[in-house]
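Some notes on the structure that comes next.
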Amino acid sequence: MKNLLIFYTIILLPLPVLAWLAINDLSLYFVIGAILYIIYRNFTDGYRLYLLGLISKNDILKFKPIFLRAKYFPKLYFGK
């Protein structure tokens, strides 16, 4: 997941499902899906930061990527 194209594909893949749930007025499923997506994004962002060598594996499990996302924003999303 060091490749940005793969990373963006992985993080954007669930969004059409969430959009479909919202359009079809399935509110409960949309809320559950949104919560799961937040957790999913936390782990994918944390895993990318781990692969880039910026955080340890334990930081992923402690939900630290939520706070580290701002610190490593350019490296996480632009690869700089």
Separation between NZ (Lys57) and CG (Leu51), nearest 0.5 Å, reads 9.0 Å
Is there a path from Leu36 to Leu28 through hydrophobic residues (I, L, V, M, F, W, Y) whose side chains come within less than 4.5 Å of each other? yes
Which pair of non-hydrogen atoms, one from Tyr50 and one from Ser56, has the smallest distance, and what is that distance? CD1-C, 4.0 Å
Taking all heavy atoms of Leu18 and all of Phe30, pick out the closest pair and write down the distance. O-CD1, 3.4 Å
Joint hydrophobic cluster, Ile39 plus Val31, side-chain heavy atoms closer than 4.5 Å: yes
For Tyr40 and Ile11, which heavy atoms make the closest approach, and how far apart are they? CE2-CA, 4.5 Å
Using the side-chain contact (heavy atoms from CB on, under 4.5 Å) criterion, which residues pair with Lys75? Sequence neighbours excluded. Leu54, Tyr72
Over 12 non-hydrogen atoms of neighbours within 6.0 angstrom of OH in Tyr29: no
All side-chain contact (heavy atoms from CB on, under 4.5 Å) counterparts of Leu12, not counting sequence neighbours: Leu15
Cluster overlap Phe7 with Phe78, hydrophobic side-chain contacts below 4.5 Å: yes
Say whether Leu52 and Phe43 are linked into one hydrophobic cluster, either directly or through other cluster members, by side-chain heavy-atom distances under 4.5 angstrom. yes
For Tyr77, side chain to side chain donor-acceptor pair (under 3.5 Å) partners two or more places apart: Arg41, Asp45
Are there over 12 heavy-atom neighbours, none belonging to Tyr37, within less than 6.0 Å of that residue's OH? yes
Test your reading of the model: is there a side-chain donor-acceptor pair from Asn24 to the backbone of Leu26, 3.5 Å cut-off? no
If you take all heavy atoms of Leu76 and Leu4, which pair is closest and at what distance? O-CD2, 4.0 Å
If Ile, Leu, Val, Met, Phe, Trp and Tyr residues are connected whenever their side-chain heavy atoms lie under 4.5 Å apart, and connections chain through other members, are Leu21 and Ile35 in the same group? yes
